[in-house]
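Working notes, beginning with the structure itself.
Because the structure is a prediction, the values reported are computed rather than measured. Counting begins at 1 with the first residue of the sequence.
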Amino acid sequence: LVSEMKARFLYQIYRLYVSIKNDNYRLILPYMLYYMYEVIYMNKYIHGRTCVYNINYHIVWCVKYRRKVLTPQICDRLYHLIQEIAEKKGFTVVDCKVGEEDHVHCFVSAPPKISVTQIVKYLKGISGNTLLKEFPEIRKSLWNGQLWNGSYFCETIGSTSEENILKYIERQKNCQL
């Protein structure tokens, strides 16, 4: 069924390509086709009610004073907490790992309506309070009753490299209507 759909799709594309008379459009068509193929067949895009998106973040935050308090038992609870928080708040944590018992790495996929600041606030705030209540021994290593450092690291993760996007935008200058 999938290969039949792909064959029909490719045939329609071929007919479209043959019917285009403008050379500028013929130049960008292969890039458009590749993009359409990715959207339709690779299923890495999420379809919302009003938009289609693929927004991913790599977020890292540390324990206050870089104390090594994230034992395997605490890590297991943290992983469950993070998944619960994400599900309740409307985003997805694709992967989460603790490094060196003092910092957390999360790969997060989120809709455009949720900012990265909100995501970090949810993850750090709720998980920190819950872990401090469930594991009171953590407080002995920390002052002021805060588990997490106030800052975080975040980078976006795209399916297309920055270089490819810049090339695509540059090519658009030659395709003005």
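- By the criterion of side-chain heavy atoms lying less than 4.5 angstrom apart, applied directly or through intervening Ile, Leu, Val, Met, Phe, Trp or Tyr residues, Tyr53 is grouped together with Ile114 in one hydrophobic cluster.
- Annotation: side chain of Lys89 is in contact with side chain of Ile126 (closest heavy-atom distance under 4.5 Å).
- Hydrophobic clustering, with ILVMFWY side chains joined whenever heavy atoms are under 4.5 angstrom apart, groups Val94 together with Ile157.
- When all heavy atoms are compared, the tightest approach of Ser109 to Phe91 is O-CB, 3.5 Å.
- Closest heavy-atom contact between Arg66 and Asp102: NE-OD2, 3.0 Å.
- Note that the CG atom of Asn149 and the CG atom of Leu142 stand 11.0 Å from one another [nearest 0.5 Å].
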Query - Derivation of the side chain to side chain contact (heavy atoms under 4.5 Å, CB included) call for Ser141 and Tyr65 - result: CA-CA 9 Å; Ser141 300; Tyr65 314 114; over 6 Å; no
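- Looking at Ile74 and Val98, their side chains never come closer than 4.5 Å, going by heavy atoms from C-beta outward.
- Counting only distance, with no hydrogens or angles, the side chain of Lys68 and the backbone of Glu100 share a donor-acceptor pair below 3.5 Å.
- For CD of Gln73, the number of neighbouring non-hydrogen atoms (other residues, nucleotides, ligands) closer than 6.0 Å is 12 at most.
- Closest approach of Ser127 and Lys124 over heavy atoms only: OG-O, 3.5 Å.
- With values rounded to the nearest 0.5 angstrom, Lys140 atom NZ is found 14.5 Å from Arg67 atom CZ.
- To the nearest 0.5 Å, atoms CD1 (Ile82) and CZ (Arg77) are separated by 11.0 Å.
- Under the side chain to side chain contact (heavy atoms under 4.5 Å, CB included) criterion, Thr117 pairs with Ser115, Tyr152, sequence neighbours left out.
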Report task. Applying side chain to side chain contact (heavy atoms under 4.5 Å, CB included), run through Val69 and Phe135 and close with a yes or a no. Result -> CA-CA 10 Å; Val69 297; Phe135 300 94; over 6 Å; no
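- For the atom pair Leu147 CG and Leu131 CG, the distance stands at 6.0 Å (nearest 0.5 Å).
- Remark: Gln118 CD is packed, more than 12 non-hydrogen atoms of other residues, nucleotides or ligands lying under 6.0 Å away.
- In this structure, CD1 on Ile85 lies 6.5 Å from OG1 on Thr130, to the nearest 0.5 angstrom.
- Note that NE2 of His80 and CG of Leu78 are 10.0 Å apart. Values are rounded to the nearest 0.5 Å.
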Requested in this report: Just do the side chain to side chain contact (heavy atoms under 4.5 Å, CB included) check on Tyr57 and Cys106 with the steps written out, would you?
Outcome: CA-CA 8 Å; Tyr57 303 107; Cys106 285; over 6 Å; no
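- Between Phe153 and His58, the ring planes lie perpendicular to each other; the angle is over 60°, past the 30° to 60° tilted range.
- The minimum heavy-atom distance linking Leu70 with His103 is given by the pair CD1-N, 4.3 Å.
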Query raised in the report: Going through the checks in order, is the side chain to side chain contact (heavy atoms under 4.5 Å, CB included) test met by Tyr79 and Val93?
Result: CA-CA 10 Å; Tyr79 297 146; Val93 176; over 6 Å; no
